[in-house]
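All values below were derived from every heavy atom in this structure, side-chain atoms included, with hydrogens, water molecules and symmetry-related copies excluded.
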Amino acid sequence: MAVLENLSRRAVLLGMGAGALVLAVNLPARAQDAPEEPLKFGADAMPHGWKDDPNIFVAIDPDGTVTVTVHRSEMGQGVRTSIAMAVADELEADWARVKVAQAPGDEPTYGNQDTDGSRSLRHFFDPMRRAGAAARQMLREAAAAEWGVPVEEVTAENHILRHAASGREAGYGDMATRAAEGPVPAREGLVLKSPDQFRYIGRDDIGLIDNPDIVTGATTYGMDAKAEGMLFAVIARPPVVGGRVASHDDTEALKVPGVQRVVVIDAPPQPSEFQPLGGVAVIATNTWAAMRGREALSIEWEDGPHAAYDSEAFRAELEQAARSTDGVAVRNQGDALAALQEATRTFEAEYYIPHLAQAPMEPPAALAMIRDGRCDVWACVQAPQVTRVRVAEKLGLDPQNVTVNVTLLGGGFGRKSKPDFVVEAAVLSREMDGAPVKVVWTREDDLHHSYFHTVSAEHLKAGLDDNGRPTAWLHRTAAPTIGSIFAPDPKQKLPFELGMGLTNMPLDIPNVRAENPQAQAHTRIGWYRSVSNIPHAFAIQSFIAELAHEAGRDHRDYLLEVIGPARRIDPTEQGDVWNYGEDPARYPIDTGRLRRVIEAATDAAGWGREMPEGSGLGLAAHYSFVTYVAVVAETEVSDGNVLIPRVHIAVDCGPHVNPDRIRSQMEGAVIMGVGQALMSRITFANGRAQQDNFDSYLVPRMDSSPREIHVHLVGGGDYGQPLGGVGEPGLPPVTPAITNAIFAATGKRIRALPVADQLRS
């Protein structure tokens, strides 16, 4: 997500300033009017920060039911359960009597609500614990006042308040009203539990709090939203980004039974940020009629400046840029260029990844209704506050008059951080005099008009000593930037993109240089799970495997040697000014933790064992979102087909709040990584995305998924340490582990994704 105010082109290119891509870049921020104040990090640096008021997040009914209001979006990662666990544990609530409610988009009330960057628990674990502890204290104080006893003598345990000396006890519901009338205790005086007192935090058997409702269809996703008198809309959007309607004929569309109206949506100026692409909308009494009406439209498109965009031609352009010496140096440690010339020998390789689409199982959908100067929205969004602001701006309303009701998300992966589809619904409701209009995207719409993961070319070169160990390292990365949707014509990555495995690479090499050549965007570029860590990890972890092979060394031993001894690195000393928005003193890069996940994964996989012919083990490891992950993949290759019998993934994400969800996220990352490695890609010809549905944009089915996924949780018992991310960091090392395993099985090196039919040549 990003909120832009008074944003200059220079500010976007540098990623600096309090208004510049605050949520996307999340650089340490200073107050604009007080530059001498200390830098802000983590939740403090996010728009609207954090809240821990129990009156906002905790409600107790007279019957004792505890409702925890969750302000982050649930898209399968289990955030509703994990936040409720933190609150309920400190509240000393009976889990069987806890339920959750979804907060609307309202950051001034709830604090930052962007569900991205693997930071929901990282930023809100402590505030939610404090909210629960404060509510527990308020209940104890209410009971003490009711009974006329010192509060120190009142205990709260498993939904029961007790005064041992008098034998009195009461349920939470009995004291709820009186407790709510009392003051909120000072944050500084709260007494949080010690880990040995936890009832829910860290437990593996809690389960999803809303799973029964999900599996019985009692919950609401974006596609499920309904309102009385609702109309349905589908939109024919320009097939090329920056295009517009030249002319259209809706005669036949209006003949389709159920079609009510055809509306032209003007194309926005470029770059368009989160604005709708424009096009022609067909509004009908049901989705099928709207879809048939769209098919009957006759439209002439003016394709605009990106009409010639072609994936193959652009790949050659990117690769040439990555070979050039014209890039900006973004990390320069030692003198890599001189060391390369002096090296005993050098080795170089190039890697390529295509565009990818988030392709959530639930395509975008939103319902909007305008009445009495207010707009109500129901939508599957990851960023409800930005949605609220963009809808208000489009309709000319005060944001206070826009309510964004957040539904469940049938997957997100970054696509639903961009509320273009919600703004479409609001615009069409206005066109229909405020009637409720639900915009439905088809799978084809989703794949043709996504905010795609960037295409990337990576060029690496190493200077080696007599033992094959690198003494110099050069990495050039060429890829269109996410900044291209916010500012005109930026051609280089922003600091947050560079800080995803490039500038913060923790290898123990004396001379390191990273360069970023220019690359122009020809389509919408957006967040995709793990973002730029994907190309950087694929290139670096593949290159290390190649260097190990060239040196005749075991890959695991070589990787550990290149990482070097356990040490704590200040990322800012390497040129990373971002560090995932976290304080580098609190979140240094710890190579000891990286080494431990490598050791855990390889030990569990039986690294070094003899493999049958056509089979191989591959290894990769990566640090991202302040978490450490290593993967060992086992592959079997026959007749060009790749099977993956098993994958071992080890993760150190700091303290474990909900181990079951950590495992689930790692399992999901493995499946997604299989798709990236073997089959998934978006290509362009004549400016148009070529993939239409899951018959052409391939994702793993059961037969291509690993038969076994073993997740190994490393560390996690020290709750005095800061939390890392979970949702995204599992993904980056999966693909290079698979491609390294393919090499071990076949001797065929994979340098371009996906593998597809490369093994058949």
Side-chain angles (χ1 to χ4, degrees), residues 349 351-353 534-560 562 597-622 629-651 666-680 698 700 703-712 730-761:
Y351 304 91
Y352 172 81
I353 72 161
I534 294 168
H536 297 155
F538 175 58
I540 292 169
Q541 291 300 307
S542 297
F543 193 58
I544 291 174
E546 295 204 44
L547 293 178
H549 180 72
E550 287 293 310
R553 298 281 305 282
D554 174 80
H555 180 194
R556 174 186 183 274
D557 295 344
Y558 188 88
L559 176 57
L560 290 172
V562 173
V597 293
I598 293 169
E599 292 163 351
T602 53
D603 289 349
W607 184 264
R609 60 189 166 92
E610 186 174 344
M611 300 295 293
E613 184 177 354
S615 297
L617 295 177
L619 167 65
H622 192 67
V629 178
V631 176
V632 175
E634 181 178 341
T635 62
E636 297 174 356
V637 183
S638 177
D639 297 326
N641 297 312
V642 179
L643 295 178
I644 304 174
R646 60 194 55 83
V647 171
H648 289 268
I649 180 168
V651 55
M666 295 303 114
E667 291 164 353
V670 168
I671 300 296
M672 200 167 187
V674 168
Q676 290 176 5
L678 301 184
M679 61 196 70
S680 300
L698 303 179
D703 60 352
S704 55
S705 299
R707 291 197 292 267
E708 302 173 19
I709 301 175
H710 301 273
V711 181
H712 309 280
L731 184 56
V734 175
T735 291
I738 292 170
T739 55
N740 288 338
I742 289 172
F743 175 79
T746 66
K748 171 76 172 180
R749 190 65 72 180
I750 302 297
R751 291 179 173 173
L753 298 179
V755 172
D757 59 359
Q758 292 182 61
L759 299 176
R760 299 182 188 279
S761 59

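V755 has its side chain within reach of I742: a pair of non-hydrogen atoms, C-beta onward, lies under 4.5 Å apart. At a threshold of 4.5 Å between non-hydrogen side-chain atoms, the residues E634 and M611 count as touching. Using a 4.5 Å cut-off on side-chain heavy atoms (C-beta onward), I671 and I709 make contact. Between V632 and I649, the closest side-chain pair of non-hydrogen atoms is not below 4.5 Å. Using a 4.5 Å heavy-atom threshold, the side chains of T739 and K748 count as separate. With contacts defined as side-chain heavy-atom distances shorter than 4.5 Å, the pair P645/E636 qualifies. Taking the side chain as every heavy atom from C-beta outward, I353 and P535 approach each other to under 4.5 Å. Residues V674 and P706 form a side-chain contact, since some pair of their non-hydrogen atoms from C-beta on lies under 4.5 Å apart.
Looking at D554, its side chain does come within 3.5 Å of a backbone N or O of D557 through a donor-acceptor pair. Not one N or O on the side chain of T635 forms a donor-acceptor pair closer than 3.5 Å with the backbone of L643. Remark: the backbone N or O of V734 is not paired with any side-chain donor or acceptor of Q676 at under 3.5 angstrom. Without hydrogens or angle criteria, S704 side chain to P700 main chain gives no donor-acceptor distance under 3.5 Å. Side-chain atoms of R646 do not come within 3.5 Å of backbone N or O of A633 as any donor-acceptor pair.
When every heavy atom of L559 is checked against every heavy atom of A621, the shortest pair comes out as CD2-CB, 4.5 Å. Of all heavy-atom pairs spanning F538 and Y352, the tightest one is CE2-O, 4.0 Å. Nearest approach of A737 to A620, heavy atoms of both residues: N-CB, 3.6 Å.
Distance CH2/W607 to CG/L617: 6.0 Å, rounded to 0.5 Å. Within the model, atoms CE of M672 and OG1 of T735 stand 10.0 Å from one another, a figure rounded to the nearest 0.5 Å. Taken to the nearest 0.5 Å, the CG atom of N740 stands 8.0 Å off from the CD atom of E546. Taken from NE2 in H622 to CD in Q541, the straight-line distance is 8.0 Å, to the nearest 0.5 Å. Between atom CZ of residue R553 and atom CD1 of residue I544 there is a gap of 12.5 Å, rounded to the nearest 0.5 Å. In this structure, OH on Y351 lies 14.0 Å from NE2 on H536, to the nearest 0.5 angstrom.
The 12-atom threshold is not exceeded at CG of D639, counting heavy atoms of other residues, nucleotides or ligands nearer than 6.0 Å. Counting non-hydrogen atoms of neighbouring residues, nucleotides and ligands closer than 6.0 angstrom, the CD atom of E708 exceeds 12 such neighbours.
Aromatic pair Y558/H549: ring centres not closer than 6.0 Å.
The aromatic rings of H648 and H710 lie parallel to each other, their planes meeting at an angle below 30°, with 60° marking the opposite boundary.
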Pairs of donor and acceptor atoms involving the side chains of residues 598-605, under 3.5 Å and at least two apart or interchain, shall be tabulated with distances.
residue: T602; atom: OG1; partner: R556; partner atom: NE; Å: 2.7
residue: T602; atom: OG1; partner: I598; partner atom: O; Å: 2.7
residue: T602; atom: OG1; partner: E599; partner atom: O; Å: 3.3

